[in-house]
Amino acid sequence: WLRLSSRDPEEFEHPEAWLTTVCGRVCLNMLRSRRRRREQPYGLSVPDPLIEPLPQAGPEGEALLAESVGLALMVVIESMAPPERLAFVLHDMFAVSFAEIAAILERSPAAARQLASRGRRRVRGHACVPDADLAHQREVVDAYFAAAREGDFTRLVSLLDPQVVLIGDGGPEAGPVRIGGAQRVAEAALRGARGGGAVQPRLVNGCPGCLVMDADQNVMAVLAFTVAGGLIVEIDALYDRARLSRLQLG
């Protein structure tokens, strides 16, 4: 908007297209710059989550949830190369034409279409679609924490998909963590429960999640759960203290 406001309005026949192009190129340059400077680790990383109180029951709350982008999907999008990510997000989420995307990427429309298709295949291959019933998802997550507190390993495993994945991001000091399989994730849950900490339920990018608090009410971690088919298929844990301090944790 700052760039647009400094220009003569008579210059623009289609200001919407101009804004889309400029914004797309700024985002593309930022993604490429971040990779060069290694400001954040790529590949295994938990993106900054959107954290909200639990919604009120009713049609309005359900509509808001239906439009949210789950953290598991964001993790997949973060792993894409910048041009692929831009093409996928603009076309599949904002319905921008491949001709406009091609102009932003300075490639042909066919190449832009191929990039978006590649991103779509990546999402279909890795991102699970959560169950539609948020209340049931919450019940599964609550049962997970109850089993962890009680040290019930068998119950924990029964709530986890056999191929469940836990992705943790502890920042530069602790580093990234990836744990796969129901038994290994259940063992990690039991270790976490022994460390104490109060759990405050939240919505994390529209999915069941929580804040883990220490005795002084400081946030130690943000957890997000993807529940599909009645089982937990992915857990995303952000416990990088520097990043947590910058989030709006209400």
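All figures in this text were calculated on a predicted structure; none of them were measured in a lab. Numbering starts at 1 and runs along the sequence shown.
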Review point. Taking a hydrophobic cluster as the set of Ile, Leu, Val, Met, Phe, Trp and Tyr residues connected by side-chain heavy atoms closer than 4.5 Å, whether directly or through intermediates, do Ile235 and Leu231 fall within one such cluster?
Key: no

Point to revise | Donor-acceptor contact present, side-chain Arg138 to main-chain Gly209, <3.5 Å | key: yes

Review point. Taking C-beta and beyond as the side chain, do Pro208 and Gln137 meet within less than 4.5 Å on heavy atoms?
Key: yes

Revision key, fill the gap. Looking only at heavy atoms, the pair that brings Ile179 and Ala188 closest together is CD1-CB, 4.0 Å

**Study point:** Asn218 side-chain N/O to Asp214 backbone N/O, donor-acceptor pair under 3.5 Å
**Key:** no

Point to revise | Close side-chain approach of Thr20 and Phe94, heavy atoms under 4.5 Å | key: no

Review point. Do the side chains of Gln163 and Glu234 get nearer than 4.5 Å, heavy atoms only?
Key: no

Point to revise | Heavy-atom side-chain contact between His91 and Arg120 under 4.5 Å | key: yes

Practice item. Answer yes or no: does atom CD of Glu187 have more than 12 heavy-atom neighbours from other residues, nucleotides or ligands under 6.0 Å? Key: yes

Check your understanding: Is a donor on one side and an acceptor on the other found under 3.5 Å between the side chain of Ser117 and the backbone of Gln114?
Key -> no

Check your understanding: Is the closest side-chain heavy-atom distance between Arg178 and Val165 below 4.5 Å?
Key -> yes

Practice item. For the residue pair Leu86 and Leu105, establish whether any side-chain heavy-atom pair is separated by less than 4.5 Å. Key: yes

Review point. With a 4.5 Å limit on heavy-atom distance, are the side chains of Gln200 and Met213 in contact?
Key: yes

Practice item. Could you label the plane-to-plane angle of the Phe225 and Phe145 rings as parallel, tilted or perpendicular, counting under 30° as parallel and over 60° as perpendicular? Key: perpendicular

Exercise for review: Considering non-hydrogen atoms only, spot the tightest contact between Gly230 and Val140 and give its length.
Suggested key: O-CG2, 3.7 Å

Exercise for review: Count the heavy atoms belonging to other residues, nucleotides or ligands that lie under 6.0 Å from CZ of Arg118, then report whether that count exceeds 12.
Suggested key: yes

Check your understanding: Do you know which two heavy atoms are closest between Val157 and Ala186, and how far apart they sit?
Key -> CG2-CB, 3.8 Å

Review point. Closest heavy-atom contact between Phe88 and Met80?
Key: CD2-CE, 3.9 Å

Exercise for review: State, yes or no, whether a side-chain contact exists between Val222 and Val204 at a heavy-atom distance under 4.5 Å.
Suggested key: yes

Review point. Which pair of heavy atoms, one from Phe153 and one from Gln183, lies closest together, and at what distance?
Key: CE1-O, 3.8 Å

Check your understanding: What are the two closest heavy atoms between Gly171 and Asp169, and how far apart are they?
Key -> N-OD1, 3.1 Å

